Amino acid sequence: LKTMLNYQVIPLKSGQDNYIWLIHDEQNAIVIDPTEAKIVKAYLTKHTLNLQAILLTHGHADHIGGVKELNLSYQPEIIDNFKQQLFESQIIQIGTFPVFQVMLTPGHTAEHAVYLFDMKHLFCGDVLFSMGCGRVFTNDFDSAYASLSKIKALATFTLCYPAHEYTANNLRFTSALDKTPDYYTQFAKFVLMKLSSLQNSLPTLLSDELQYNLFLRCHDPLVWSLVAAALDEIIDSEFNCFVALRKLRNNF
């Protein structure tokens with residue numbers, strides 16, 4: 001099966017801060033986490049695209065709101081890990097698009113999955129945000145930390161496509177906690193430039209997240225000391241650092 005190499009990844013803004021990610025090759029389209037149908041339909045109609053598949057990272061309403069209506073209109077293949085059972089490293093082929101690889105990433109919800117497309121685009125739902133990570137609604141911090149560790153192990157050139165525009169707020173949290181002079185200056189400038197020109201800070205490069213995202217730096221003794229000082233607690237492991245950091249973020 002010959003795969004198409006010329007595809008585009010398009011952000012469709014929805015609601016206050018949701019992104020619906022759409023991939024197309026000028027004929028067919030795949031949509032990830034369609035919050036609402038009308039935005040997707042408008043784009044598909046305008047560009048005469050056929051919706052081949054919908055990929056869902058998890059079952060929260062702001063990620064699946066448009067599924068029913070899109071399904072009625074287009075009968076796409078629907079891929080998720082809450083109505084069907086996906087497995088780790090499962091390969092998903094849709095039409096002539098490059099393949100998706102499944103990563104199971106519980107923590108935010110028990111069934112959360114992310115999709116690595118063409119070995120370089122990671123549609124990460126609510127597990128990873130630029131400069132942040134998702135709330136751990138399951139209270140299963142072990143799984144949440146393991147999920148982030150899986151993402152950390154990907155190639156550093158991976159582009160990450162979270163489902164929300166939270167970068168500016170996450171930057172505020174980070175700089176309130178970490179006052180290392182000039183450490184974030186260039187990245188913050190880059191983010192604010194993207195936000196002012198494109199109204200969009202995403203996708204974000206994994207190499208940048210590894211350098212600047214506190215939640216991916218829980219192995220760093222500096223981050224331990226920042227978190228320990230902020231909470232007046234002893235931090236003695238990566239895992240403790242992660243749990244404490246998430247607690248700080250929840251209350252920010």
Side-chain angles (χ1 to χ4, degrees), residues 13-19 33 35 57-58 60-63 105-109 112 114 124-149 151-152 160-196 199-206 208-252:
K13 286 205 128 149
S14 172
Q16 214 180 339
D17 51 44
N18 274 78
Y19 285 115
D33 288 352
T35 310
T57 59
H58 62 298
H60 284 165
D62 62 326
H63 294 254
T105 49
H108 179 69
T109 63
H112 201 295
V114 302
C124 49
D126 288 1
V127 168
L128 178 74
F129 299 123
S130 182
M131 299 298 285
C133 76
R135 282 178 181 261
V136 185
F137 289 122
T138 56
N139 273 322
D140 182 354
F141 284 87
D142 287 290
S143 290
Y145 193 59
S147 295
L148 285 178
S149 301
I151 292 173
K152 275 173 76 168
C160 303
Y161 298 79
H164 293 274
E165 182 57 76
Y166 290 161
T167 316
N169 213 23
N170 288 337
L171 258 172
R172 277 193 286 276
F173 166 72
T174 304
S175 46
L177 189 67
D178 184 357
K179 300 193 168 38
T180 307
D182 301 332
Y183 186 76
Y184 301 96
T185 312
Q186 282 308 106
F187 186 67
K189 253 190 214 160
F190 175 57
V191 165
L192 298 171
M193 185 192 75
K194 281 204 286 187
L195 281 170
S196 65
Q199 277 74 60
N200 179 348
S201 70
L202 303 171
T204 181
L205 257 174
L206 184 57
D208 284 335
E209 296 304 319
L210 292 169
Q211 193 172 347
Y212 300 115
N213 186 334
L214 294 170
F215 291 95
L216 300 188
R217 293 169 57 207
C218 290
H219 58 283
D220 183 341
L222 169 73
V223 179
W224 292 20
S225 63
L226 294 169
V227 172
L231 284 171
D232 201 19
E233 280 180 19
I234 292 168
I235 301 295
D236 56 9
S237 72
E238 290 186 31
F239 178 69
N240 283 2
C241 179
F242 170 66
V243 176
L245 190 58
R246 190 57 253 181
K247 184 172 20 174
L248 281 169
R249 182 67 183 87
N250 288 351
N251 298 319
F252 178 66

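In this text the structure is predicted, and so the values were computed from the model without any measurement.
Summarising the local packing, CZ of F190 is surrounded by 12 or fewer heavy atoms from other residues, nucleotides or ligands at distances under 6.0 Å.
The closest donor-acceptor contact from the side chain of N251 to the backbone of K247 lies under 3.5 Å. Remark: side-chain polar atoms of R249 are not paired, donor with acceptor, to backbone N or O of C133 under 3.5 angstrom. In this structure, E165 contributes its side chain and S201 its backbone to a donor-acceptor pair below 3.5 Å. Judged by distance alone, the side chain of N18 and the main-chain N or O of D62 form a donor-acceptor pair under 3.5 Å. Put simply, the side chain of S147 gets close to the backbone of P106: a donor and an acceptor are under 3.5 Å apart. Side chain of H112 to main chain of D126: a donor-acceptor pair is present (N/O by atom type, distance under 3.5 Å, no hydrogens or angles). Remark: side-chain polar atoms of T57 are not paired, donor with acceptor, to backbone N or O of V114 under 3.5 angstrom.
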Worked check of side chain to side chain contact (heavy atoms under 4.5 Å, CB included) between L206 and L216: CA-CA 10 Å; L206 184 57; L216 300 188; 4.2 Å; yes

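No side-chain donor from either of N213 and R217 sits under 3.5 Å from a side-chain acceptor of the other. D178 and Y183 share no side-chain donor-acceptor pair at under 3.5 Å.
Looking at heavy atoms from C-beta onward, Y161 lies out of side-chain contact with Y19 at the 4.5 angstrom threshold. At a threshold of 4.5 Å between non-hydrogen side-chain atoms, the residues F187 and E209 count as touching.
The line from CG of L177 to CZ of F252 is 9.5 Å long, rounded to the nearest 0.5 Å. One distance of note links CG of L128 with NZ of K152; it measures 11.0 Å at 0.5 Å rounding.
Under the 30°/60° scheme for interplanar angles, the aromatic rings of H58 and H60 are found to stand perpendicular.
Contact between M131 and N170 at its shortest, heavy atoms only, is O-CB, 3.3 Å.
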